[in-house]
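Not measured: the values here are computed from a predicted model. Every heavy atom of this structure was used, including side-chain atoms; hydrogens, water molecules and symmetry mates were not. Along the sequence shown, residues are numbered consecutively beginning with 1.
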Amino acid sequence: MSQHEVRVWRIESLSAIPGADNLVLAEFAGYPCVLRKADYRVGDLVAFVEPDYVVPEVLATFLRGKQRVIEHEGVTGFRTRAIRLRGQWSFGLPLAAPAGAQAGDDVMAQMGIVRWNPPESPATLRAPQARAPRLPDPFGLSTYDVESGRKYGRLLEGLEVVATEKIHGA
């Protein structure tokens with residue numbers, strides 16, 4: 001089962017981006033993230049929001065006019081996603097850590113951030129009889145999500161891994 005969390009990270013290093021005077025690159029939980037050079041320094045604490053979360057509009061006012069505002073699970077805000085800036089991929093969104101937060105703290109509930117769950121497809125909404133009845137789940141695992149390999153990619157370093165794929169029922 002996935003752990004949905006927004007952790008506080010300490011910036012350990014900032015790398016220059018070729019051709020970008022005002023941007024730098026940092027890494028949080030295996031995700032590269034492009035930051036404004038003037039806003040962050042090595043040693044600062046940031047709450048790093050991974051892709052596919054909804055950040056309240058009041059926390060990310062700088063995104064107003066650049067992204068579409070959505071309403072999801074009672075939160076009006078912006079969905080985080082991967083974008084490309086000056087040729088560098090940036091996954092997620094760094095925000096100022098709340099007052100009193102320490103590195104490693106989960107501040108998701110404190111900041112009002114929720115996980116984005118895609119809406120049901122129109123095909124299942126059109127034909128309710130085709131949907132299987134929902135059975136009770138004795139283990140509490142009724143909603144789950146697969147997390148990105150970036151977050152736990154270092155767990156496999158040095159191991160031989162075989163990946164297979166099933167295509168079209170073959």
Just verifying a value: how many Å separate [X] [atom1] and [Y] [atom2], rounded to the nearest 0.5 Å?
| X | Y | atom1 | atom2 | value |
| --- | --- | --- | --- | --- |
| R79 | W116 | CZ | CH2 | 3.5 Å |
| K37 | D21 | NZ | CG | 7.0 Å |
| L23 | L14 | CG | CG | 11.5 Å |
| S13 | E27 | OG | CD | 8.0 Å |

Are side-chain heavy atoms of [X] and [Y] found at a separation under 4.5 Å?
| X | Y | value |
| --- | --- | --- |
| V34 | V24 | no |
| Y53 | M108 | yes |
| I113 | V49 | yes |
| F78 | V54 | no |
| M111 | P98 | yes |
| I11 | V46 | yes |
| D52 | R115 | yes |

Search all heavy atoms of [X] against all heavy atoms of [Y] and return the closest pair with its distance.
| X | Y | result |
| --- | --- | --- |
| R7 | G104 | NH1-O, 2.6 Å |
| A101 | A97 | CB-CB, 4.4 Å |
| I17 | Q88 | CG2-CG, 3.7 Å |
| L35 | A26 | CD1-CB, 3.7 Å |
| Y40 | P94 | OH-O, 3.3 Å |

Where the side chain of [X] meets the backbone of [Y], is there a donor-acceptor pair that is under 3.5 Å apart?
| X | Y | answer |
| --- | --- | --- |
| D105 | V107 | no |
| S90 | C33 | no |
| D39 | R36 | no |
| R10 | G43 | yes |
| T80 | L93 | no |

Tell me whether the count of non-hydrogen atoms from other residues, nucleotides or ligands lying under 6.0 Å of CG in D106 goes above 12.
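Atom CG in D106 is crowded, with more than 12 foreign heavy atoms closer than 6.0 Å.
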
On the 0 to 90° scale, with breaks at 30° and 60°, tag the Y31-F48 ring pair as parallel, tilted or perpendicular.
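Judged by the thresholds at 30° and 60°, the geometry between Y31 and F48 is tilted.
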
